[in-house]
Amino acid sequence: MFSEWSPSTSDRTDLGFHHRSLPIKTLLIASQFPPKTTPRGMALFILQTTATVSLFLLLATTSVSLLHASGDKGHGSLVLGLTHVRAVSPPRVAAATSDMIEPLRGFRDGYLISLNLGTPPQVIPVYMDTGSDLTWVPCGNISFECMDCDDYRHHKLVTAFSPSYSSSALRDLCTSPLCADVHSSDNPYDPCAVAGCSISTLVSGGCPRPCPSFSYTYGAGGLVVGSLTRDTLRVHTQSSAATGEVPGFCFGCVGSTFREPIGIAGFGKGALSLPSQLGFLRKGFSHCFLSFKYVNNPNFTSPLVVGSLAISSKEHFLFTPLLKSPTYPNYYYIGLEGISIGNDTMAIAPSNLRSFDPDGNGGMLIDSGTTYTHLPEPFYSLLLSKMESTIVYTRSSEYERRTGFDLCYETPCSDGSCSDNLPSVTFHFLNSVKLSLPKENCFYAVSAPRGSMVVKCFLLQIMDDGGYGPAGVFGSFQQQNMEVVYDLEKERIGFQPMDCASSAARYGLHRK
């Protein structure tokens, strides 16, 4: 799902299409392929399950585990006995004592944060994702394998972590609460039973075996398989670009994936997430995504601020309350009241975009791991109809077919000036928040200028989810050129249009 549309690079800036959030986590029993998904990166929600006693016995016999070393010469995903890996009692994660400021770099379909892991440090770029909890990195320079990732082989970005080169790397134990969390188990004995621990060590809580391998599945069908690992994480603090150390940070060391070539830093509200482990969930964080025109430009980065600094002095922002899903409490939901096109009256959004049904489905997920905003039918078609009646330019059926977007137009562009009269788009959220999006957040040039015109497409998509999970998603492309504040202390999300390049310079993040 990384690149549904791939015209030549001469036609466009290299943007991808991906939805990596809202994971479906299952206990690793055998080789698992992702569940069937609907087109265009839908978020899927499947009830989490735990293994039966018979499966525990089967796994205790087979002792499935991922290979946890960079020097493996094999080509598959890695099978070793659990008794042959190094594991000791995991240290408690030391919460960061100072605010954290990190640069984010735009890359294809999202924004990358560089994780500084291990002793000596290894720098691994991963996607920043507010729609999932687990932080994971590719492991093994030779052994890491990604299926269906051919489109990424040309970018040479996949940097793998080598735990054997880090003196502080440890496998997490099966008795760790985070081990039970990554296996989606409400029973803390489950992981140790899978690891083959005896009944006496299960009861005493003293089983020394490592956490069994896990699988972690994302909404668009991406799947990762790995082992839970702890190591020292180094972060940049507010004071003079100093570095703070976080020993015992827990993350997935992943040896094989399906459609997930680059690691992910989970920023959800679960125990495994990066802000949760660093002790910032009672405070918050903010990001200011640079425009996609800076994608792949190493000289410009977007600021990510975690801690008190992110939420202080922000009362002038437009704040909408966070909604609480009774079924999916680890994700960030907001309520959408409607959308207005140009000067037209607001199109009223269906009630499920601002409330939940008894099963916890509904609400609008705000997600940095989904590229484009998704809206349900018939609301989506209503917006397209309003948009089409407003725009006077000629439709481009060729680019609609090539890109998969529903509305593309030939807009004027001559002598280097590509100004147009495309309409504005305003999102109306709960608490009377009116968020007028910059035009480039909704329309994007998908062709190079040709003659006196350039083709621009409307970058919202349909939410075809079958009624499960969120009713809509507010994606990262629509969050460009604004600061977004996750004020978890007051349970609200704030927006403020912003020159994110200037914001990054203020934090000293641009290269000179």
Could you state the interatomic distance from [atom1] ([X]) to [atom2] ([Y]), rounded to the nearest 0.5 Å?
X	Y	atom1	atom2	result
W136	I262	CH2	CD1	8.5 Å
F249	L115	CZ	CG	6.5 Å
H236	S114	NE2	OG	9.0 Å
I311	S286	CD1	OG	9.5 Å
S215	H183	OG	NE2	8.5 Å
S162	L117	OG	CG	11.5 Å

Among side-chain atoms of [X] and [Y], is any donor-acceptor pair under 3.5 angstrom?
X	Y	value
S204	T201	no
T327	S325	no
S168	D231	yes
S256	E145	no
Y218	D129	no

Just by modelled atom types, is the [Y] backbone N or O under 3.5 Å from a matching donor or acceptor in the [X] side chain?
X	Y	result
S166	T119	yes
T371	D109	yes
S273	S276	yes
E483	Q496	no
S302	L290	yes
R105	T301	no
R171	T229	no
D133	G270	yes
Q277	L272	yes
R234	G118	yes

request  = Flag this pair as yes if the NZ/CZ of K283 is under 6.0 angstrom from the six-membered ring centre of F280 and inside a 45 degree cone about the axis; otherwise no.
outcome  = no
Side-chain contact, heavy-atom cut-off 4.5 Å: [X] with [Y]?
X	Y	result
T373	F477	no
L460	L375	yes
P125	T159	yes
V484	I493	yes
R209	P191	no
L278	M100	yes

Please report the closest heavy-atom contact between [X] and [Y], naming both atoms and the distance.
X	Y	value
Y331	L365	CB-CD1, 3.6 Å
M498	C288	CG-SG, 3.6 Å
L281	G268	CD2-O, 4.1 Å
L178	C250	CD1-CB, 3.6 Å
S503	P303	OG-CG, 3.6 Å

inquiry  = Parallel, tilted or perpendicular: which one describes the rings of Y294 and F300, with boundaries at 30° and 60°?
reply    = tilted
request  = Assign the ring pair F214 / Y216 to parallel, tilted or perpendicular, where the plane angle (0 to 90°) is split at 30° and 60°.
outcome  = perpendicular
Flag the pair [X] / [Y] as yes when their ring centroid distance falls below 6.0 Å, and as no otherwise.
X	Y	answer
Y111	F289	yes
F251	F161	yes
F429	F495	yes

request  = Test R492 against every option in D487, N431, T320 by the side-chain hydrogen bond (donor to acceptor under 3.5 Å, both in side chains) rule and name the one that passes.
outcome  = D487
message = Tell me whether C211 and C174 have SG atoms closer together than 2.5 Å.
response = no
task = Using only the SG atoms, establish whether C197 and C192 come within less than 2.5 Å of one another.
result = no
task = Using ring pair (Phe, Tyr, Trp, His ring centres under 6.0 Å) as the criterion, list what pairs up with F319, not counting sequence neighbours.
result = none
message = Going by the rule ring pair (Phe, Tyr, Trp, His ring centres under 6.0 Å), which residues pair with Y486 if we only count those two or more places apart in sequence or in a different chain?
response = F285, H287, Y332
inquiry  = Which residues pass the side-chain contact (heavy atoms from CB on, under 4.5 Å) test with N441, not counting sequence neighbours?
reply    = L437, P438, Q480, N481, M482
